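Presented below is the structure to which this report refers.
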Amino acid sequence: MLLLSAAHVEPFVSADATRASALAALALGAIDVTTVLTAVAVLSVVAVLRKLPYGIGAVIACTIGAVLTAELAREVFGSTMSSTDLPYGQLVAVVAVLGAASMVASTAWRPAVLGLGTVGVFAVAASALLVGSASIVGIVGALTVVFVWWPACSIVMLYSPDAADREARNPFDTAAMAVQRKMGRSR
């Protein structure tokens with residue numbers, strides 16, 4: 001899979017596996033490309049309904065960008081590191097969806113989104129450790145990838161009201177044109 005890959009070592013769940021490891025393997029199996037793309041679609045609809053300028057772009061950039069960056073890291077470092085030490089794809093996806101959801105959630109819902117999302121993140125990380133699909137290094141790597149994308153997309157959301165006001169005055173005025181005016185390169 002290109003978009004969401006698990007560790008190249010299949011999780012080993014023996015016949016006498018504990019209920020916890022079987023539940024962990026089941027939970028990790030539920031996180032796939034379809035689940036992530038469904039979450040992205042739902043969050044994009046929320047951004048449209050809340051009339052958030054650049055909301056859809058921030059959702060897509062945070063989720064898909066983080067997942068693709070993790071996959072790039074897996075490709076680049078895959079031959080030199082153990083597969084469990086590389087950023088764990090399912091954890092990247094869950095944390096990225098949490099970041100995107102926190103950006104488009106209303107202030108009334110944001111604490112609930114962050115609280116429940118954090119519980120979900122801890123559950124996925126613990127499941128990956130329990131099943132053996134990821135190590136602490138892989139989990140830290142996954143969190144690092146997302147914690148680069150999340151603030152970057154949050155900055156876009158922070159400054160998007162300015163862009164929305166500018167575009168409301170002149171729909172043909174783009175962000176690139178505004179940067180050129182600030183730099184003194186207007187035509």
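All of these numbers come straight from a predicted model, not from anything done at the bench.
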| message | Do W109 and V46 make a side-chain contact, defined as non-hydrogen atoms from C-beta onward lying under 4.5 Å apart? | response | no
| said: Could you report the tightest heavy-atom contact between D85 and S135, atom names first, then the distance? | reply: OD1-OG, 2.5 Å
| said: Grouping I, L, V, M, F, W and Y whenever their side-chain heavy atoms are under 4.5 Å apart, do L98 and F147 come out in a common cluster? | reply: yes
| task | Indicate if L43 and L68 have the same hydrophobic cluster label, given that clusters are the connected sets of ILVMFWY residues with side-chain heavy-atom separations under 4.5 angstrom. | result | yes
| Expected output: side-chain T35 to main-chain A30 donor-acceptor under 3.5 Å | yes
| message | When you group the ILVMFWY residues by side-chain heavy-atom contacts below 4.5 Å and let the links chain together, are V67 and V140 in the same group? | response | yes
| Heavy-atom side-chain proximity of F122 to V119 below 4.5 angstrom | no
| note | On a heavy-atom basis, the closest approach of A105 and V113 is CB-CG2, 4.0 Å
| query | Which heavy atom in V146 sits nearest to a heavy atom in P151, and how many Å separate them? | reply | O-CD, 4.2 Å
| Linked, directly or transitively: L52 and I60 (ILVMFWY side chains, under 4.5 Å) | yes
| For V145 and A66, which heavy atoms make the closest approach, and how far apart are they? | CG1-O, 3.4 Å
| query | For the residue pair V92 and A70, what are the closest heavy atoms and their distance? | reply | CG2-CB, 3.8 Å
| Test item: I64 and L37 side chains (from C-beta on) under 4.5 Å apart, heavy atoms | yes
